[in-house]
Amino acid sequence: MAFGKGSHLHLIDGSAFIFRAYHALPPLTRKSDGLPVGAVQGFCNLLWNEISGGTTNKSKPTHIAVIFDASSITFRNEIYDLYKANRPELPEDLRPQFPLTREATRAFNVSCIEMEGFEADDIIATYARLATEAGGSATIVSSDKDLMQLVGPGVDMWDPMKSKTLAEAEVFEKFGVGPDRVVDVQSLAGDSVDNVPGAPGIGLKTAALLINEYGDLDTLLARAEEIKQPKRRQTLIEHAEQIRISRRLVTLSRDVPVEDTLDSLECRTPESEALLDFLAKMEFRTLTRRISEKLGVEAPAIAEPASAAPKAEKAAAPAEIEHPPFDADKYECVRDMNALSVWIARIMDKGFVAVDTETTSLDEMRAELVGISLSVTPGEACYIPLNHVQGADDLFGSANRLDGQIDPEQALAALKPMLEDASILKIGQNIKYDAKIFARRGINVAPFDDTMLMSYAMFSGLHNHGMDELSETYLNHKPIPIKPLLGSGKTARTFDKVGIEDATKYAAEDADITLRLWQSLRPRLHRERVTNVYETLERPLVPVLAQMEMHGIRVDRQTLSRMSSAFAQKMAGLEAEIHDLAGETFNVGSPKQLGEVLFDKLGLQGGKKGKTGAYSTGADILEDLATEHELPGRVLDWRQLSKLKSTYTDALQDHINPETGRVHTSYQQTGANTGRLASTDPNLQNIPIRTEEGRRIREAFVASEGHKLVSLDYSQIELRILAHIADIPALKQAFRDGHDIHAMTASEMFGVPLDQMTPEVRRQAKAINFGVIYGISGFGLARNLRIPRAEAQAFIDTYFERFPGIRDYMDKTIEFAKAHAYVETLFGRRIHTPEINAKGPGAGFARRGAINAPIQGTAADIIRRAMTRIPQAIEGLPAKMLLQVHDELVFEVEESAVDDTIARVKAVMEGAHEPAVEIDVPLIVDAGVGDNWAQAH
DNA sequence: ACCTTCACG
DNA sequence: GACGTACGTGAAGGTG
């Protein structure tokens, strides 16, 4: 039937449908494999109600279509590049459901329309116009306020959730103006959801008032001078351009070059077989029954899960019941392109895949890819060997690539579109590793989930987050150990020497485990209330860290080498002196031998210690002994040089990558319980700075030609957070006034006026300030300050008297920890404190940890937020972020761009807590520039 | 594999 | 009343 007079078109806002279904319904997964399908089910319900007439009182359609958003980039981004820029990321269990809703629409035999470069709203606007022009009418099935501008003669809206028609009266109620002026009001009021700027300070109410007074937006802007209220007048004059841009953003385009004609959208009866097949595939039992009854055909059978265990038992151990047993013999070895194509097709159909890579090294910058494993269904996984070579027994030790493996280039070319496909979720365990392996081969893995990070977000402080541990804890399965395959010590070999059959069992199981972990952990994120932590603090950091690690930092070998020699010489001199003073030669580096020399031979005072019964010879002991004898002082000097040489000047040289000439650390995102990062291989977070000799090692960290190193660090961030969390007015005011916080503390405590402050008094106050952050004790402070314990306790008492809020904070935090067995940062990160209610000495550690974790953890969260925002903020500048050292970020920047980079990064860092959290104290970032790290810091 | 020591925030 | 104590890390070298 041709569309014309009497025809009625229903335009369904598909994306809105999906989101409403997703948020309105509890998370639901397909029984057989855990695929999230809740939103799909809600979508199908709504769609079925639409086409079957349902329980609605609206007019029945003669024509119908579902409109989707094809992409997030549209012509509006050209008008305003921040359009929709602050949209939160899609929930990870919603993303794979998008392609399924398209499939569902087609299964219902309803036209499914989307167009690259246009939002669904514009397509809807266009069809609404076409419908009325053809003499018919249209109903927009949505409750989105952005569509309300379309309401008018022949066009109304229908809110399917509230079963309510939205016509002119409802629009007037919402906006205070009729549909024809909705755009004007929106342009003024802006929209925080879509990031439409509007006019600052003007909301819906004021906007409607102004439009009603002046008639329309153009008149208002032209006559802005006449507005009586000075602030309003100024805002409109100053932001006229921004308001006009906003209008272009909110105005829907009614002439999108749509391809489907109105006629082609005529309502069609669903093909019952195709529809029921789809519903059965989704395992929607109720819906399948309802629809098959209505269509008068028999419902297809849907297999029930293998075990129909009672509910209580199921809740106790869901993983064991719903998952098939592990069976390494069932894993497939993919040896040709045909088999690989089948796997890729399965993945494209599913919308997600667990991925794992096998390589020749744990160092991603040197590792060669050996094989890839994939899994989309528990118990089913494959391994794709790519670079296995003959075993090590080969006569010349030469690597002969084994037959029966796909050409690596060909395999990667086939996998690349899938790995980069925005609708396919890639699941990994520590996926930063695999992402770097792929990135080195030009493949940008996205989007992704990481089971290690999920575990960290939920269980930090409870256990570690390695795959073996997670598998045993949450899947009750001990993975195949890697040790027997790789050997150890002299006989150790790399994974490419492992036989392909053994490799398949091991590697495919890793993908299988990762998939099952994802299915087990992902739904728990919501229940544990840490989805936000995972999605804003953990997942987005992965590509940022990967980039930093791959860039690495330039280290000058010559500088280090010269230092090593100088240290060696000095050490030799000191060693001779020490032997002379001792009257015998011994290994100065052996605490045991040194203890015997000091305490047995020389008879110095200072007894045994430690559970091993050995003499303690730590720096603090030796410093005390130094007043009695010359030898301990020499040993201290020797130790310092020994440390610098072995840990830094020697070791760092070995870490210079021969290909890049740079040092590539590896950041462990789950290394520290508090949310801090840890740096390994090498650790670049503990490069010396406190002594002059050590500090010079930083001269070896240099910028490349034409560049500078730029260092930006938060000033006193933990004390600022303490002042905020514990709510200490005096401390907060001192930070706001930019005062010296330690001097201020000293002045408050000891009554010394600031202008008479001595360095010694200030030093003591500083120690107390830090002590507070660490969960102060009289003993600890006494040892740190080397004062009698009673004196230290008196300091603490005074401190608590002067700042009673601190004591309150400590008490409340410990109380909270005892009640919940965890503590939280300002951003909701949880750090579990399982020992908090224990007896014994463990409880003491747990108490101090509980006091410290929210402070240290909040600081860690803040710099993480900054780091995830920085790549965007410095986009286009010749600047790279290289290192993070807890409260410091180091960049390498072309000289001409140094000032710009500092300005942008500083702004991001100082505002990193916003908009999630308000802090009553300003965050201050200091910057330094130089040719090397010593100058820059 | 564990302990001690010491480098950093 | 005794116990053992600052918080969070990683690397190197000695020892058993």
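Below, chains carry the letters A, B, ... as their sequence lines are ordered, and counting in each starts from 1.
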- request: Pick base, sugar-phosphate or nothing for Q716(A), based on heavy-atom distances below 4.0 Å to the nucleic acid.
  value: nothing

- request: Could you walk me through whether I768(A) and I796(A) pass the side-chain contact (heavy atoms from CB on, under 4.5 Å) test, one step at a time?
  value: CA-CA 7 Å; I768(A) 296 170; I796(A) 294 170; 5.5 Å; no

field: Per R676(A) side chain, nearest of listed nucleotides dG9(B), dA6(C), dA12(C)
entry: dG9(B)

query: Aromatic ring centroids of F803(A) and Y809(A) under 6.0 Å?
result: no

query: Under 4.0 angstrom, heavy atoms only, what part of the nucleic acid is A853(A) near: base, sugar-phosphate, or nothing?
result: nothing

- request: Describe the nucleic acid contact of D887(A) in one word from base, sugar-phosphate, nothing, applying a heavy-atom distance below 4.0 Å.
  value: sugar-phosphate

message: For the residue pair R802(A) and F800(A), would you count it as a cation-pi contact if the rule is NZ or CZ under 6.0 angstrom from the ring centre and within 45 degrees of the ring axis?
response: no

- request: Look at all strands and tell whether L677(A) reaches a base, only sugar-phosphate, or nothing, counting heavy atoms closer than 4.0 Å.
  value: nothing

- prompt: Using a cut-off of 4.0 Å on non-hydrogen atoms, how would the nucleic acid contact of I773(A) be classed: base, sugar-phosphate, or nothing?
  reply: nothing

message: What is the distance, to the nearest angstrom, from the NZ atom on K645(A) to the C1' atom on dT5(B)?
response: 18 Å

query: Within a radius of less than 6.0 Å around CZ of R762(A), do more than 12 heavy atoms belonging to other residues, nucleotides or ligands occur?
result: yes

statement: To the nearest angstrom, the CD-P distance between E693(A) and dC8(B) comes to 13 Å

is_close_aromatic(Y822(A), F816(A)), centroid dist under 6.0 Å: yes

message: Parallel, tilted or perpendicular, judged at 30° and 60°: which one describes the rings of Y456(A) and H465(A)?
response: perpendicular

- prompt: Looking for any heavy atom pair under 4.0 Å, which part of the strands does N686(A) touch: base, sugar-phosphate only, or nothing?
  reply: base

- prompt: Should T617(A) be listed as having a side-chain N or O under 4.0 Å from OP1 or OP2 of dT5(B)?
  reply: yes

Polar side-chain contact R690(A)-dG9(B) base: donor and acceptor under 3.5 Å: yes

task: For A619(A), report the nucleic acid contact type (base, sugar-phosphate, nothing); a contact means any heavy atom under 4.0 Å.
output: sugar-phosphate

- request: Specify the separation, in whole Å, of atom NE2 of H886(A) and atom C1' of dG9(B).
  value: 5 Å

message: OP1 or OP2 of dC8(B) versus the side-chain N and O atoms of N683(A): is any pair under 4.0 Å?
response: no

- request: Starting at atom OH of Y648(A), determine the distance to atom C1' of dC8(B), rounded to an integer number of angstrom.
  value: 7 Å

task: Please confirm whether any donor atom in the side chain of R639(A) sits under 3.5 Å from an acceptor in the base of dT4(B), or the reverse.
output: no

field: dC3(C) to dT5(B) separation - C1' atoms, rounded to the nearest Å
entry: 25 Å

- request: Check whether any side-chain heavy atom of V635(A) lies under 4.5 Å from a side-chain heavy atom of L631(A), and answer yes or no.
  value: yes

field: Phosphate contact (dT9(C) OP1 or OP2) by Q856(A) side-chain N/O below 4.0 Å
entry: no

message: I want to check one thing: is the phosphate of dA7(B), taken as OP1 and OP2, less than 4.0 Å away from some side-chain N or O of Q640(A)?
response: no

task: Looking at every strand, decide which applies to E718(A) at a 4.0 Å heavy-atom threshold: base, sugar-phosphate, or nothing.
output: nothing

message: If only side-chain N and O atoms count, and only distance matters, is there a donor-acceptor pair under 3.5 Å linking T858(A) with T825(A)?
response: no

field: Short side-chain N/O contact to dT15(C) OP1/OP2 from S590(A), under 4.0 Å
entry: yes

query: Of all of residues 759-771 of chain A, which get a heavy atom below 4.0 angstrom from DNA chain C, listed by number?
result: A767(A), G771(A)

message: Regarding S777(A), tell me which of base, sugar-phosphate or nothing describes its non-hydrogen contacts under 4.0 Å with the strands shown.
response: base

